[in-house]
Student: 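Quick one: structure below, then a few questions.
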Amino acid sequence: MKKFDEAYPLLDEMYRDGYFPDFLVDKIKDLVQNVIGLLETGEKDLDRIQDALDEMTLGINELQDEFAENDSEIETVARESIAQTVDYILKWFDMEIDLEDAIGARDW
């Protein structure tokens with residue numbers, strides 16, 4: 001079973017941008033780490049992996065109001081940071097899932 005690249009800074013752009021409250025970026029990171037945890041088990045069933053990605057994405061969708069309450073939003077920098085992170089994860093684990101499909105449940 002392959003472990004994720006511990007040197008890769010998840011959601012780096014969001015953490016570096018003061019517009020995004022760290023505690024909310026941490027919530028997104030937790031959702032992302034759930035997917036990483038599944039992939040680290042060696043899971044190869046693309047349907048199960050897509051279900052985990054959908055759960056992650058829907059969880060991020062649910063955070064939008066909380067971002068707004070903290071004078072922030074999931075906008076261009078956030079979308080790109082999340083997409084870049086998910087893309088890196090998929091490539092790291094050699095997953096044959098298109099990025100647009102992986103985060104297709106997004107409404108941000």
Student: Strictly distance-based, threshold 3.5 Å: is any side-chain N or O of N34 a donor or acceptor partner for the main-chain N or O of A52?
Tutor: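 Answer holds: no.
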Student: Roughly how far, to the nearest 0.5 Å, is the CG atom of D87 from the CD atom of E80?
Tutor: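 Interatomic distance, E80 CD to D87 CG, rounded to 0.5 Å: 12.5 Å.
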Student: Would a single hydrophobic cluster contain both M1 and V35, if residues Ile, Leu, Val, Met, Phe, Trp and Tyr are joined by side-chain heavy-atom contacts under 4.5 Å?
Tutor: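 The answer is no; the residues belong to distinct hydrophobic clusters.
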Student: Could you tell me whether Q64 atom CD has more than 12 heavy atoms of other residues or ligands within 6.0 Å of it?
Tutor: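 Correct, the count exceeds 12.
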Student: If the plane angle is over 60° it's perpendicular, under 30° parallel, otherwise tilted; pick one for F20 and F67.
Tutor: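 Geometry flag for F67 against F20: perpendicular rings.
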Student: Give a yes or no answer on whether the side chain of S72 reaches the backbone of A68 with a donor-acceptor pair at less than 3.5 Å.
Tutor: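 It does not hold such a pair.
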Student: Taking the inter-plane angle between the rings of F4 and Y8 on a 0 to 90° scale, is it parallel (under 30°), tilted (30 to 60°) or perpendicular (over 60°)?
Tutor: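 Perpendicular.
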Student: Can you tell me how far CG of L31 sits from CG of L63, rounded to the nearest 0.5 angstrom?
Tutor: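 Those atoms lie 6.5 Å apart.
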Student: Using modelled atom types and a 3.5 Å cut-off, is there a donor and acceptor pairing between side-chain atoms of E73 and backbone atoms of E75?
Tutor: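 No; zero donor-acceptor contacts below 3.5 Å.
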Student: Do E66 and N70 pass the side chain to side chain contact (heavy atoms under 4.5 Å, CB included) test, and can you show the C-alpha distance, the side-chain angles, and the key distance before you say yes or no?
Tutor: CA-CA 6 Å; E66 199 168 350; N70 287 277; 4.1 Å; yes
Student: Closest approach of D54 and A102, non-hydrogen atoms and distance?
Tutor: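 That closest heavy-atom pairing would be OD1-O, 4.3 Å.
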Student: Quick one: closest heavy-atom pair of R48 and L38, and the distance?
Tutor: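 In terms of heavy atoms, the two residues are closest at O-CD2, 3.9 Å.
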Student: Measuring from L11:CG to I82:CD1, what's the distance to the nearest 0.5 Å?
Tutor: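 Atom-to-atom, L11:CG and I82:CD1 are 6.5 Å apart.
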Student: Determine whether the side chains of Q84 and D12 contain a donor N or O and an acceptor N or O closer than 3.5 Å.
Tutor: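 No, no side-chain donor-acceptor contact under 3.5 Å.
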Student: Under the side chain to side chain contact (heavy atoms under 4.5 Å, CB included) rule, what do Y15 and D26 come out as? Steps first, then yes or no, please.
Tutor: CA-CA 9 Å; Y15 279 115; D26 289 343; 2.5 Å; yes
Student: Quick one: CG on N61 to CH2 on W108, what's the gap to the nearest 0.5 Å?
Tutor: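 Here the rounded value is 7.0 Å.
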Student: Are the side chain of T85 and the backbone of S81 linked by a donor-acceptor contact shorter than 3.5 Å?
Tutor: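 Yes.
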Student: Determine yes or no for a side-chain-to-main-chain donor-acceptor pair under 3.5 angstrom, with K2 supplying the side chain and W92 the backbone.
Tutor: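 Indeed, once roles are kept as given, a pair shorter than 3.5 Å links the two residues.
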Student: Working note: Q50 + L46, criterion side chain to side chain contact (heavy atoms under 4.5 Å, CB included); need CA distance, chi angles, decisive distance, verdict.
Tutor: CA-CA 6 Å; Q50 185 60 57; L46 294 182; over 6 Å; no
Student: Testing the basics here: between I49 and E43, what is the closest heavy-atom pair and its distance to 0.1 Å?
Tutor: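 Looking at all heavy atoms of both residues, the closest pair is CD1-O, 3.6 Å.
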Student: Could you tell me if Y19 and D71 have a donor-acceptor pair between their side chains, going purely by distance under 3.5 Å?
Tutor: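 Judged by distance alone, the side chains do not pair up.
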Student: Just do the side chain to side chain contact (heavy atoms under 4.5 Å, CB included) check on L10 and Y88 with the steps written out, would you?
Tutor: CA-CA 9 Å; L10 298 171; Y88 186 88; over 6 Å; no
Student: Counting distance only, does the side-chain N/O of R106 pair as donor-acceptor with the main-chain N or O of I103 below 3.5 Å?
Tutor: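 Indeed, once roles are kept as given, a pair shorter than 3.5 Å links the two residues.
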Student: Quick one: pull up CZ in R79 and CE in M14 and give me the separation to the nearest 0.5 Å.
Tutor: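 Rounded to the nearest 0.5 Å, the CZ-CE separation comes out at 11.0 Å.
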Student: Search all heavy atoms of A105 against all heavy atoms of T57 and return the closest pair with its distance.
Tutor: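 Of all heavy-atom pairs spanning A105 and T57, the closest is C-CG2, 3.5 Å.
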Student: At what distance, to the nearest 0.5 angstrom, does CD1 of I36 lie from OG1 of T41?
Tutor: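 With rounding to 0.5 Å, CD1 (I36) is 12.5 Å from OG1 (T41).
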Student: Which pair of non-hydrogen atoms, one from L99 and one from A83, has the smallest distance, and what is that distance?
Tutor: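 Between these two residues, the closest heavy atoms are CD1-O, 3.7 Å.
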